Each structure stands twice: as C-alpha cells, then as structure tokens.
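Everything quoted here is computed from the prediction, not taken from an experiment.
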Amino acid sequence: MTTAPIAAETVARDYIALWNETDAPRRAELLRAGWREDALYLDPLMQGRGHGAISALVGAVHQRYPGFRFALLGRPDAHDQQLRFSWTLGPADAPELIQGTDFVELVDGQLARVTGFLDKVPVGA
C-alpha cells in the first residue's frame, strides 16, 4: 500500500493554527477539518481524546497564558505518515518562554495521535 507524502509544513501550520485559536466554535471547525474524531493528544501535563477534549485542552492553555501565541520553530520533518516539529509559546510581543516538540501520526490524512514533549519550561510556568 502506497501513501501520499505528507505536506509537513501545511500539517504543522494547521496544527499551530488550532493551538492559537481562541474561539471555541472556530476551533471545533479546525478539529473537524484536520483531526480524526477519536484523535489522542498527550504531553507531560495533559491528555485528551476526541475533538471536545482536545478543544478543552487548547482552551485551558489560553486561560493559563492569555495573549500567548504558538509559533513553529525550525522546519517540520516527515517520514511515511509520521511528522515531528518544534514550536514556541510566548507573549505575542516578547521572546518565547516555552518550547516543545510534537510527534504526530496521521491516518487517512488526518491527525490521529499527538505526543508532545516540553523542551524548555521556565520555573513557575
């Protein structure tokens, strides 16, 4: 079975757009467009399965860090249906405070599983 190559940059940018979306109905649209209904997200601080739970995780980040924005760090890398990329999180008008790397598995072109790692987290963040 042959699978089409992943458009790594597009997938990563869409992923970051979801994490930057503060409007819950718009976030739900982004999830429907790019994530499987049973998608799993997990990192050292939180986890959730399904669109509702993942949207709630994103909302919780916005509550904890109001005005912060995610941005890609470097270039995404893809192999088969796996993708990895790094990101930053910080105030829109200041240097980032937090950095991480996420590993994404796609199924039928949609995000199915995300495993996140926190590479830089200041004390108290």
Side-chain angles (χ1 to χ4, degrees):
M1 175 179 178
T2 304
T3 57
I6 296 173
E9 191 80 25
T10 300
V11 172
R13 289 199 185 284
D14 290 349
Y15 177 89
I16 294 295
L18 173 78
W19 282 92
N20 281 329
E21 184 56 61
T22 58
D23 180 68
R26 177 68 185 127
R27 217 169 31 239
E29 291 175 21
L30 294 172
L31 283 161
R32 282 192 298 277
W35 294 61
R36 293 177 56 89
E37 285 187 34
D38 63 345
L40 174 65
Y41 175 89
L42 61 125
D43 71 25
L45 303 176
M46 56 189 183
Q47 65 180 4
R49 181 179 294 278
H51 290 178
I54 293 168
S55 182
L57 296 176
V58 174
V61 170
H62 287 288
Q63 285 181 353
R64 172 117 170 110
Y65 302 105
F68 280 31
R69 304 291 292 167
F70 285 88
L72 283 177
L73 179 63
R75 294 184 50 91
D77 185 31
H79 171 58
D80 192 30
Q81 296 300 295
Q82 312 297 317
L83 176 71
R84 72 174 173 189
F85 54 89
S86 295
W87 49 264
T88 63
L89 175 63
D93 56 354
E96 83 280 341
L97 298 174
I98 301 169
Q99 293 180 359
T101 300
D102 288 357
F103 294 84
V104 175
E105 178 181 352
L106 291 117
V107 173
D108 298 326
Q110 290 193 304
L111 279 79
R113 180 183 176 102
V114 177
T115 303
F117 292 86
L118 301 173
D119 302 326
K120 173 184 158 188
V121 180
V123 174

Looking at every non-hydrogen atom in both residues, tell me the closest pair between [X] and [Y] and how far apart they are.
X	Y	answer
G48	A53	CA-CB, 4.0 Å
A8	L83	CB-CD1, 3.4 Å
D102	G116	OD1-CA, 3.1 Å

Could you list the residues that satisfy salt bridge (charged side-chain N to carboxylate O under 4.0 Å, His left out) with [X], not counting sequence neighbours?
X	result
R69	none
E9	R13
D38	R36

TODO: If a pair satisfies salt bridge (charged side-chain N to carboxylate O under 4.0 Å, His left out) and one of its residues is in residues 81-99, list it, with sequence neighbours excluded.
DONE: D77-R84, E96-K120
Can you hop from [X] to [Y] via hydrophobic side chains spaced under 4.5 Å?
X	Y	result
M46	F117	no
V11	V107	no
V58	L45	yes

Open item on the list: Looking at R113 and E105, would you say the former's side chain and the latter's main chain have a donor-acceptor pair under 3.5 Å?
Closed with: no
Open item on the list: If the condition is ring pair (Phe, Tyr, Trp, His ring centres under 6.0 Å), which residues does Y41 pass it with, not counting sequence neighbours?
Closed with: W19
Which value, rounded to the nearest 0.5 Å, describes the distance between [X] atom [atom1] and [Y] atom [atom2]?
X	Y	atom1	atom2	value
L106	Q82	CG	CD	8.0 Å
Y65	L97	OH	CG	8.5 Å
T101	D43	OG1	CG	12.0 Å
L73	L89	CG	CG	12.5 Å
L111	Y15	CG	OH	8.0 Å
L18	R26	CG	CZ	9.5 Å

Open item on the list: I'd like to check L31 versus S55 (side-chain heavy atoms, cut-off strictly below 4.5 Å). Are they in contact?
Closed with: yes
Open item on the list: In the structure I gave you, are the side-chain heavy atoms of F85 and V104 within less than 4.5 Å of one another anywhere?
Closed with: yes
- [ ] Supply the members, apart from L42, of the Ile/Leu/Val/Met/Phe/Trp/Tyr cluster built from side-chain contacts under 4.5 Å; use none for a lone residue.
- [x] L40
Task: Member of I54, D14, L30 meeting the side-chain contact (heavy atoms from CB on, under 4.5 Å) criterion with W35 - done: I54
